[in-house]
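Quantities reported herein were computed from a predicted structural model and do not represent experimental measurements.
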Amino acid sequence: MAPAAAPLVEFPLPSTVENIETNFEPFYVLHKAPSRKNSRKTNPCGKLRKKGKLSPSGPNGIENPETEERDDSTLEHLRMEAFELVWSRIETTIKDVLRDTNVKVFDDICRWVYKAFDAIRSSGTPSSSSASRPFPILTRADCKILFTGLVLTKNMEVVDDLLTFEELGYHLKSHRCHVASLSSQELSAKSSIDGCIKSLLRQLLKVTVDSADMFVLASWYREQGYYENPVVVIVEDIERCCGSVLSDFIIMLSEWIVKIPTILIMGVATTIDAPSNVLRSNALQQLCPSKFVLGSPTERMEAVVEAVLLRHCCMFSIGHKVAIFLRKYFLNQDGTLTSFIRAMKIACVQHFSMEPLSFMLARSIVEEENKGFQDGNRALFLEVLSKHASDFLSDSRYPLVEGTGNNVGNVLSELERWQKGWSAVVQCLYQVGKYGKVQLLDLLCEALDPQLFKPITSENSSRLQQGKGVSFSSSCELQYQFSSRKDGYIYQAIRKVRDLPAELLHQLLVSWEKITGCVPEIHEKVKDLLLAFKLGDGKSSEKAIADVSKRHASQKDLFIKYPKPMIEKAESFLSSLVSEHTRPIESVPFHELICFKDVRKLQLV
């Protein structure tokens with residue numbers, strides 16, 4: 001962490017993110033938000049609040065500066081606590097998503113490891129006398145083959161590989177493998193075989209030894225009775241290793257293969273030909289390679305975006321310009337997922353630094369998990385919420401909206417309800433956009449653009465802008481006209497519906513039914529549309545469905561070539577969802593509480 005003198009937040013986060021974000025830690029500073037006194041000075045035309053509401057006054061009606069400073073300090077502390085909770089939730093979500101995207105490949109690697117282990121043991125285990133000798137067993141050349149898994153990561157940046165191989169190591173350990181990892185620094189020209197052996201001993205034996213002796217490792221493996229489980233050595237990035245050092249290391253492992261059944265896994269960021277470009281020919285001859293391919297950085301990034309920014313694991317949102325910046329940043333960094341996550345974390349930090357009521361984002365997490373705050377802190381959280389909500393909501397920076405009762409809890413509930421509808425519709429668009437190879441981040445940036453969505457009811461819009469008291473719920477439910485562009489991603493997704501064959505359209509509707517389960521008003525319409533699709537006319541009852549099912553031997557018989565109106569109905573339905581539910585966050589009342597949109601602050605960092 002940074003020096004203690006800097007006012008940094010001490011994050012209770014796992015080591016993974018701490019390792020990859022060392023260079024960014026100096027930016028994780030939560031400054032005090034502008035005090036309410038300064039806020040009033042910067043809004044001279046606004047509706048000023050009575051001073052007596054802010055803090056106890058002195059004998060002459062003058063504010064007590066000590067009390068106001070204490071209130072500001074309390075709010076700052078709550079924002080820091082809230083940031084830790086929110087980012088911890090985001091980080092956990094990201095790790096779970098990345099683990100899920102790789103789990104199939106990890107399972108394949110694990111099965112391959114044990115097949116290779118069985119093949120090594122099939123040549124026989126060493127006798128007690130030969131095993132006790134401090135040198136490798138002389139055996140046939142074909143028994144010295146080193147089974148090697150080449151994992152194609154497709155990354156241009158090593159930090160993404162570090163995350164992947166750390167998770168792979170955990171996965172293999174959970175399946176009783178003994179795992180050690182070697183970095184490119186440990187296999188550099190400045191290093192040597194001795195350094196590699198010491199690293200293996202330190203990781204596997206959990207002790208520091210002075211001598212670099214493979215016999216120590218062989219003795220540990222034999223004496224502990226570990227012949228039922230393989231030793232797996234992971235080299236994280238073969239292209240960054242010194243070819244001669246890595247070649248010597250491979251030859252040494254192959255010589256000890258009988259006493260120490262070892263399987264080698266090497267990360268390859270470019271092409272499958274990388275080993276032949278790095279290793280000597282005598283080392284290549286010892287390898288029996290197998291290829292495994294991980295998802296591309298773009299695929300993993302889209303999974304992260306969907307979980308964090310689309311499904312909103314903690315209500316934190318970003319504005320349109322910030323989304324554009326993150327997309328460009330990801331592309332400019334050669335598709336480095338770690339840099340994208342770093343930028344997103346800095347955006348989160350900036351939000352909690354700038355927005356006085358940002359501590360309210362912790363409310364849903366505290367209520368959902370009933371933890372994160374100790375009893376005293378949670379009581380303080382609720383007390384401060386009640387004390388300051390009325391003052392902040394009456395500040396001129398927020399629009400005057402009826403139906404909230406000056407209650408931040410009501411505001412957040414309405415925002416969460418809006419978020420669920422918006423998220424569900426964008427996910428529905430993404431499901432059909434996949435058939436046209438629409439990228440999620442492109443679709444998200446367009447869905448966040450306030451310039452593409454104009455309110456249909458101009459009277460309500462003008463009343464809202466003039467602060468004449470439109471209710472919060474009716475404000476969120478205003479229908480918006482989507483200004484479609486023929487080259488736009490939303491337009492492409494909507495038009496793609498008419499190109500889908502019946503079977504794919506049915507699969508799409510089924511996926512919509514799952515996605516919209518948390519939004520009843522949309523879910524019921526999707527169910528009706530799915531029913532109409534299955535029966536062809538949309539007017540039949542549940543009893544008719546049962547009768548139709550009995551008359552047909554298989555569900556595939558239900559897929560009839562429906563007339564054009566049925567396809568148009570699905571397309572029209574999706575278009576109506578866009579108008580009714582995809583109002584961008586920046587045009588929703590009180591969006592400042594949950595949305596970071598100051599792209600200039602992010603660019604400066």
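Counting heavy atoms from C-beta on, the side chains of Gln431 and Ile515 come closer than 4.5 Å. Between Val308 and Phe316 the shortest side-chain heavy-atom distance does not fall below 4.5 Å. Residues Cys196 and Leu187 form a side-chain contact, since some pair of their non-hydrogen atoms from C-beta on lies under 4.5 Å apart. For the pair Tyr430 and Glu306, the minimum side-chain heavy-atom distance is below 4.5 Å. Looking at heavy atoms from C-beta onward, Cys177 lies in side-chain contact with Val113 at the 4.5 angstrom threshold. In this structure, Val578 and Ile490 have side chains that are in contact, with non-hydrogen atoms separated by less than 4.5 Å. With a 4.5 Å cut-off on side-chain heavy atoms, Lys601 and Ile346 do not count as touching. By the 4.5 Å heavy-atom criterion applied to side chains, Trp256 and Phe215 are counted as neighbours.
Each of Val233, Thr148, Ile120, Leu146 was scored for a side chain to side chain contact (heavy atoms under 4.5 Å, CB included) with Ile263, with one residue passing: Ile120. Here the rule is side chain to side chain contact (heavy atoms under 4.5 Å, CB included) with Leu448, and of Val322, Thr582, Ile585 only Ile585 fits it.
Classified by interplanar angle (parallel below 30°, tilted 30° to 60°, perpendicular above 60°), the ring pair Phe340/Phe330 is perpendicular.
Of all the heavy atoms in Ala283 and Ile250, the pair that sits closest is O-CG2, 3.9 Å. Across every non-hydrogen atom of Pro297 and Thr153, the tightest pair is CD-O, 4.4 Å. The nearest pair of heavy atoms linking Ile193 to Val245 is CD1-O, 3.6 Å. When all heavy atoms of Ala189 and Cys242 are compared, the closest pair comes out as N-CB, 3.5 Å. Annotation for Gln603 and Phe325: closest pair CG-CE1, 3.6 Å, computed over non-hydrogen atoms. Nearest heavy-atom pair across Trp112 and Ile265 is CZ3-CG1, 4.2 Å.
Under the 3.5 Å distance criterion, with hydrogens and angles disregarded, no donor-acceptor pair is assigned to the side chains of Asn102 and His171. A donor-acceptor pair shorter than 3.5 Å cannot be found between the side chains of Gln507 and Ser511. Side chain to side chain, Gln419 and Ser317 meet the donor-acceptor criterion of an N or O pair below 3.5 Å. Under the 3.5 Å distance criterion, with hydrogens and angles disregarded, a donor-acceptor pair is assigned to the side chains of Thr270 and Glu239. For the 3.5 Å distance criterion, the side chains of Arg327 and Gln439 fail to qualify, holding no donor opposite an acceptor.
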Starting from the C-alpha separation in whole Å, work towards a yes-or-no answer on side chain to side chain donor-acceptor pair (under 3.5 Å) for Arg240 and Ser183. CA-CA 9 Å; Arg240 293 176 182 265; Ser183 65; over 6 Å; no
Chi angles and distances behind the side chain to side chain donor-acceptor pair (under 3.5 Å) call for Ser191, Glu186: CA-CA 6 Å; Ser191 184; Glu186 292 172 310; over 6 Å; no
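Residues satisfying the ring-ring contact (aromatic ring centres under 6.0 Å, His included) criterion with Phe165, sequence neighbours excluded, are absent altogether.
In this structure, Gln286 contributes its side chain and Ser254 its backbone to no donor-acceptor pair below 3.5 Å.
The local environment of NZ in Lys434 is crowded, with over 12 non-hydrogen atoms from other residues, nucleotides or ligands closer than 6.0 Å.
We find the NZ-CZ distance between Lys115 and Phe147 to be 12.0 Å, quoted to the nearest 0.5 Å.
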